[in-house]
There are 2 protein chains.
Amino acid sequence: MISKVLIIEDDAALRASVVQSLELDDLEPISTGNFTQARRPIRSNFKGVILSDIKMPDYDGFDVLRFVQSRDPDLPVILLTGYSDVPTAMKAMKEGAYDYLEKPCDPDRLVETLRRALDHRNLVLQNRSYREEIDARQKETGSGTFEEQMENHERQIIEYALILEDGKVNMAAKRLGIPRNTMYDRMTRLRVVAKAFRGVNDDGG
Amino acid sequence: MISKVLIIEDDAALRASVVQSLELDDLEPISTGNFTQARRPIRSNFKGVILSDIKMPDYDGFDVLRFVQSRDPDLPVILLTGYSDVPTAMKAMKEGAYDYLEKPCDPDRLVETLRRALDHRNLVLQNRSYREEIDARQKETGSGTFEEQMENHERQIIEYALILEDGKVNMAAKRLGIPRNTMYDRMTRLRVVAKAFRGVNDDGG
DNA sequence: GCAAAAAGTCCGAAATCCCGGACATTTCTC
DNA sequence: GAGAAATGTCCGGGATTTCGGACTTTTTGC
């Protein structure tokens, strides 16, 4: 499970206290004092979430939010607002912040919120990798000539059977449920050499 | 995106107000007054989240929480606690509640919290279906007789081409680099019906 | 080293597949 | 709604594949 939290907070004292809270709960704080310092790690595969103050000199929390969203719209940003500054918080949510916390915030609430965000991030990243895997397999079943695809698959089946049977053609044929002569025919056509598969697998024979 | 919220709250007035808040934000409240009424829809593929009061006669929020987790540990439960009842809230989180809200709660905060939970739920369900798909494909490769394996693969290639071409056989044949008559022959042999692949893919054509 | 079993090779007929061509039907285009 | 283009169906001969059987070579077991 991912656990990085990129902190953007100009008040050094508050930053230190946040870092401490996170470390006590086995999260991995990355402490920065302004947006410029924080930019580098913010990218689409960042394995963590962002915790940023809103009110800061130069770049504020909304700048951070916009930048993060340009890099990855599914990278959660939690913003720290001033006490009971509801309008700002509302605006932040509308602009896509994952959540917000009022300063000063309860450490437990902070950690709970971050854990939810990390959980979310984790699911998003997992989802992406699953999707990539599915796409990759789909690609495999959709590139090259029909004949090529069929032949590749045929070769794979035959070679796999040969590996399991230590390169013995007749045994491999029996395993695949086809007459041995047919097996030889196919191997000739595909130019598969049985000898090459002897001793490849340890439990062969 | 899923949007159901199963509400368990014995106070009818509060329940009505929650329902109203949710409907204003295009969520789908399912309103119930106690655990017994709520049990039925709670199952592992429930397309929504649970919002439950903690303090109720007979069964309380922790009973709900435990029951939900027995049905699906990844089904978010948001609990409503009394005002500033921090210890109970902490306990709920420890037992696996997704979040908690203090009564009376701000409608905006309520909706934000529920949306996060719904988002989470959505990702979990999506993740599961992806995983199922990957498992299914894995199973397909490497079992059955030779003929079965070849035929399955052949069918996959042909069906995928048909999907890409919106069920047009001639186009699919061209894509695969085989004469259209051969394509028909193969489809007849495999009992693949072209019509079944029309409109499956949005960019077909 | 001998017999038996398995592995590998060659042949040919039957079965199957490939694929062009002719034709019917549907869909598009103006 | 006529003509064109694409889709779908049917046929048949030539090419390929299948697969049993006969044979040779290699491996196995004693």
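Each chain gets a letter, A, B and so on, in the order the sequences are listed, and its residues count up from 1.
Between the A/Thr145 side chain and the A/Glu148 main chain, no donor and acceptor come within less than 3.5 Å of each other. Under the 3.5 Å distance criterion, the side-chain polar atoms of A/Asp63 are matched with a main-chain donor or acceptor of A/Asp60. A donor-acceptor pair is defined here as one N or O able to donate and one able to accept, closer than 3.5 Å; no such pair exists between the side chain of A/Asp25 and the backbone of A/Leu27. Distance alone, capped at 3.5 Å, is enough to place a donor-acceptor pair between the B/Gln69 side chain and the B/Glu95 backbone.
Near DNA chain C, meaning a heavy atom under 4.0 Å from it, residues 185-193 of chain B has B/Asp185, B/Arg186, B/Arg189 in order of number.
Here A/Asn170 reaches the OP1 or OP2 of C/dA7: one of its side-chain N or O atoms lies under 4.0 Å away.
Judged by the 6.0 Å and 45° rule, B/Arg39 forms a cation-pi pair with B/Phe35. Cation-pi contact between A/Arg180 and A/Tyr184: absent, since separation from the ring centre below 6.0 Å together with deviation from the ring axis within 45° is not met.
Between B/Arg115 and B/Glu112, no side-chain nitrogen of the basic residue sits less than 4.0 Å from a carboxylate oxygen of the acidic one, so the salt-bridge criterion is not met. Ion pairing of B/Lys55 with B/Asp85 is absent here, as no side-chain N (NZ or NE/NH1/NH2) approaches a carboxylate O to less than 4.0 Å. Of the charged side-chain nitrogens involved, at least one lies within less than 4.0 Å of a carboxylate oxygen, so that A/Glu154 and A/Arg189 count as a salt-bridged pair. Using a cutoff of 4.0 Å between basic side-chain nitrogens and carboxylate oxygens, B/Asp11 and B/Lys103 are not scored as salt-bridged. Comment: B/Arg116 does not engage B/Asp119 in a salt bridge, judged by the lack of any side-chain N to carboxylate O separation of less than 4.0 angstrom.
Mapped onto DNA chain C by nearest heavy atom, A/Tyr184 and A/Glu147 fall at different nucleotides, with A/Tyr184 at the one closer to the 5' end. Between A/Pro179 and B/Ala194, the residue whose closest nucleotide on DNA chain D is further toward the 5' end is B/Ala194.
Bounding nucleotides for the chain A contact on DNA chain D, 5' to 3', at a heavy-atom distance below 4.0 Å, are D/dT17 to D/dA22.
Contacts of A/Tyr98 classified as ring-ring contact (aromatic ring centres under 6.0 Å, His included), with partners at least two apart in sequence or in another chain: A/His120. Checked against salt bridge (charged side-chain N to carboxylate O under 4.0 Å, His left out), B/Arg15 has no partners two or more places apart in sequence or in another chain.
Each end of the helix from C/dG1-D/dC30 to C/dC30-D/dG1 gets its own axis from five base pairs, and the two axes differ in direction by 60°, given to 10 degrees.
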Between the protein and nucleotides 22-29 of chain C, are there any N/O to N/O pairs under 3.5 Å, and if so, what are the atom names and distances?
none

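To the nearest angstrom, P of C/dT9 lies 13 Å from CE of A/Met183.
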